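Below is one structure, written out as structure tokens, with a few remarks after it.
Model, not experiment: these values are computed from the prediction. In what follows, every chain begins at residue 1, and chains take the letters A, B, ... in the order their sequences are listed.
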Amino acid sequence: MKNIGSMLSTIVALMVIWVCLTLNFSISELGLGIVFSVLIAVSTRGGFTSNLFRLLKPARLAALLVYIFFFLSQMVKANIDVLFRVLRPVVPVRPGIVGADIGLRNLRGRIIIANSITLTPGTLTVDLIDDRIYVHWISLPDGDATAETQKLVDGFAKRLEKVLD
Amino acid sequence: MIRSIFGLILVLVLGAIMVAVVPDIEYSEEIHGVGLHYTSQGMQETGSANLVTAVIVAYRGLDTLGEVVVLFCASTSVVLILSLYPLSLKVSRPSFIVAQTSRLLPAPILLLGLYLIAHSHLSPGGGFPGGAVIASAFLLVMLGGTGVPGSSRNLAAVESLAGLSFGLLGFWGVMKLGQFLNNLVLGTGTPGSLVSAGLIPLISLVIGIKVASELSSVFAAFRYKGGH
Amino acid sequence: MSDALFPVVAITMGIMMLAAGIVALYVRRLLSAIIIVAFVSLSASVLFLLMDATDVAVTEAAVGAVVSTMIFLWGRGKIGGDR
Amino acid sequence: MLELYHWSIAGTALGLVLIGLWGVLTRRNIIRIALAFTLADTGVNLLLVWTGHIPDRTSPIHDSTTAALNATEAMVDPLPQALVLTSIVIGVAVAALFVVVAVLASRRTGSADIRRLRELRW
Amino acid sequence: MSALGIIGHVLLGAGGFILFVSGLGILRMPDVYNRMHAGTKATTLGSILFMLGIGCLEPVWLPKLILIIILVILTNPIAAHALARAVHSGPKDEKPDNLERDDLQEERAEGEDLDE
Amino acid sequence: MISYFDWILFGLLGMGTFMTFVRLLKGRTPADRAVALDGMTLITTCLIVLIAFFEGRSMLLDVALVYAVLSFLGVLALARFLDGGLR
């Protein structure tokens with residue numbers, strides 16, 4: 001059983017979701033939750049999460065917190081950006097799709113980076129083919145757009161690498 | 001042209017009839033008829049906090065059995081027709097992100113569907129919406145690939161088992177209390193806790209499995225073919 | 001508590017549903033019509049919620065958003081032609 | 001305002017039924033007729049739930065917030081809701097059957113136009 | 001009004017305003033991709049703030065609201081990505097024509113050359 | 001009981017829904033309409049949460065949860081069928 005870790009962490013994650021849904025700590029509710037979690041984890045072969053127990057190291061947790069904080073600040077910036085664009089009389093746009101290399105091995109990590117880029121200022125992930133990520137800009141950055149995109153992707157990848165690898 | 005005029009006349013006539021009739025449905029401040037009994041006595045008689053589920057499963061359980069049979073006929077017809085005339089649908093290859101999502105998200109969606117089914121007597125939900133949610137998780141798995149998942153071969157067996165157990169639960173009532181689908185064979189318990197309301201959670205589970213497998217087999221009959 | 005707010009929401013939703021229903025019949029592309037009918041189903045779910053029919057709202061959201069949309073998309077793909 | 005609220009929902013439901021009927025009668029594309037049928041279905045369900053609705057009451061589910069209330073004076077009628085709940089699921093199954101039969105029929109004539117189906121002329 | 005109530009009202013107001021801005025963005029932005037920008041970023045943060053605001057006013061509901069928040073963060077970018085990809089691989093006359101550069105198009109064109 | 005703040009809140013959400021609705025009706029291409037539907041469903045989820053808050057019943061949050069999940073799945077299905085193959 002290679003993926004027993006991911007299966008166990010799927011069970012734990014589903015149990016947390018179950019408790020959040022029911023908000024009830026009686027024996028019967030918890031027992032039913034465990035039964036359902038095990039059933040789902042077995043039938044989806046632990047597909048929900050990868051091994052979460054690897055995260056339980058102080059350094060990784062700290063890196064995760066740093067990543068989340070960075071992501072949230074970027075998201076707030078993104079909204080201020082959208083706000084100022086929308087409220088202008090003429091919406092200023094100079095759109096373009098730029099490719100960049102993504103230097104992260106972990107598949108789930110790539111998904112996380114793609115989703116994070118969608119929620120950061122002025123960028124939207126259009127496609128993810130092999131190692132290349134294609135990003136749509138509301139208005140292309142001044143100067144070298146390719147280098148700017150690469151910098152953006154690397155900024156996320158560097159922070160996420162500390163969490164995952 | 002003549003079609004439009006005829007249609008317009010028909011729509012206007014029906015509209016006039018409805019506008020004349022609907023205001024006669026009383027704008028009442030009270031519940032009338034049998035609904036009054038269900039509202040006032042429902043929780044004591046069936047033990048179910050959710051009165052809608054009490055009506056569906058306990059008071060009108062036989063009707064629900066009929067409805068499930070109608071649903072079974074419709075979905076079986078779809079599957080039968082599509083197995084006689086296979087019409088495969090070409091879809092493009094999913095992107096990497098969607099393919100990964102279809103492996104990540106089915107687990108919580110399944111849990112949500114099972115929650116709706118298991119808490120049918122406590123909170124909104126029940127067999128029908130829970131089954132639809134579980135079928136949507138199956139659809140998500142299909143959307144993330146270009147073929148039909150292998151588990152769809154067992155759908156017919158699961159569905160028949162669920163239908164059979166609906167009938168068996170009904171006959172349990174006949175054996176014990178002399179009445180088909182009697183809810184009280186397990187006692188009502190305390191309303192508001194998970195283990196209460198007699199047969200209602202079990203029958204909801206059966207209905208949920210049946211609806212889920214029927215809708216899933218409809219989705220699986222809309223088979224895909226890989227391609228670009 | 002809800003004496004003045006919910007009526008406004010219900011009336012707005014109702015007008016939007018009726019307008020969307022008419023547009024769904026006359027919009028040129030079939031795919032757009034399917035999307036607009038999905039919108040009508042989801043709004044109907046909110047109206048059910050306002051009428052205190054919680055179970056019905058859940059069912060309508062589950063069925064109207066995914067199952068029927070999927071069925072119509074399949075039919076459109078098989079019949080071909082988008083007019 | 002409450003009266004207006006009450007009748008506006010009925011008006012929406014009636015309007016949806018009539019729009020659906022109009023669409024079924026006048027549209028030509030067979031999938032679009034199925035869409036109009038779904039609209040009418042939604043309208044009928046709204047109308048049925050509306051008959052059991054009483055403004056300023058709460059949904060017929062007991063929990064800790066409704067323990068102190070008298071159920072018959074605080075809740076809406078559960079019966080129409082129970083009927084509509086099954087009706088929605090049956091409706092979608094019937095729509096699936098409709099679409100599948102329509103697709104097969106239209107493949108025989110080679111077009112989605114309902115006027116090409118001679119058996120369905122009126 | 002307690003401090004938590006004031007925080008909750010502020011969060012609710014901010015969330016509602018951002019949701020309003022997202023609607024405005026979907027209406028006003030000039031092409032599909034830019035509408036997606038408004039419809040993804042603004043609705044995500046707006047609904048997060050909104051749920052947190054309700055959570056401050058009713059602390060018991062917080063777990064379920066956090067569940068909705070996590071769900072929104074997970075699903076919303078994925079839907080936007082799927083739509084953007086669909087637009088990009090869709091028919092030519094429906095794509096916005098104001099792109100200044102399009103690396104993905106070039107990549108696709110090269111791939112097709114290799115196939116032939 | 002109802003304060004001006006609640007009116008403003010409902011007004012903001014209602015205006016947001018209405019503007020996405022206008023885009024839904026106007027949208028030049030199906031993709032525009034799908035984007036509008038995506039935005040609309042999230043704003044409506046917040047509206048459902050607000051209704052739950054006014055009614056004071058936590059069980060309506062289940063409806064919001066199901067609504068959010070299933071509208072996402074609907075948009076995903078639309079996107080997959082807009083994408084190639086089925087033009």
Minimum heavy-atom separation for C/Ala19 and F/Leu25, please, with both atom names. CB-CD1, 4.5 Å
Should C/Val46 and F/Tyr67 count as side-chain neighbours, where that means a heavy-atom distance under 4.5 Å? yes
Considering only heavy atoms from C-beta outward, does the side chain of F/Phe10 approach that of C/Val8 to under 4.5 Å? no
To the nearest 0.5 angstrom, please state how far the CZ atom of F/Phe18 sits from the CE atom of C/Met13. 12.0 Å
Closest approach of C/Val66 to F/Gly74 (non-hydrogen atoms, all atoms of both residues): CG2-N, 4.0 Å
When rounded to the nearest 0.5 angstrom, what is the spacing between OG in C/Ser32 and CG in F/Asp32? 9.5 Å
Does some side-chain heavy atom of C/Leu73 sit less than 4.5 Å from a side-chain heavy atom of F/Leu78? yes
Step by step, work out the side chain to side chain contact (heavy atoms under 4.5 Å, CB included) result for C/Met70 and F/Phe81. CA-CA 9 Å; C/Met70 191 60 210; F/Phe81 278 79; 3.5 Å; yes
Under 4.5 Å to a heavy atom of chain F? For C/Asp55 that would be neither
Evaluation steps, side chain to side chain contact (heavy atoms under 4.5 Å, CB included), between C/Val27 and F/Arg33: CA-CA 12 Å; C/Val27 71; F/Arg33 297 174 208 266; 3.7 Å; yes
To the closest 0.5 Å, what do you measure between CG (F/Leu47) and CG (C/Leu49)? 9.0 Å
4.5 Å side-chain heavy-atom contact, C/Phe6 and F/Glu55: yes
Do you know which of C/Gly64, C/Ala62, C/Ala33 has the most heavy-atom pairs under 4.5 Å to chain F? C/Ala62
pair F/Thr44-C/Leu42: side-chain heavy atoms closer than 4.5 Å: no
Point-to-point distance, once rounded to the nearest 0.5 Å, from CG of F/Leu37 to CD1 of C/Ile34: 12.5 Å
With rounding to the nearest 0.5 Å, note down the distance linking CD1 in C/Ile36 to CG in F/Leu24. 5.0 Å
Non-hydrogen side-chain atoms of F/Arg57 and C/Thr54 separated by less than 4.5 Å: no
Would you say the side chain of C/Met16 lies within less than 4.5 Å of the side chain of F/Val22, judging by non-hydrogen atoms? no
Largest heavy-atom contact set with chain C, pairs under 4.5 Å, which of F/Val63, F/Leu13, F/Val66: F/Val63
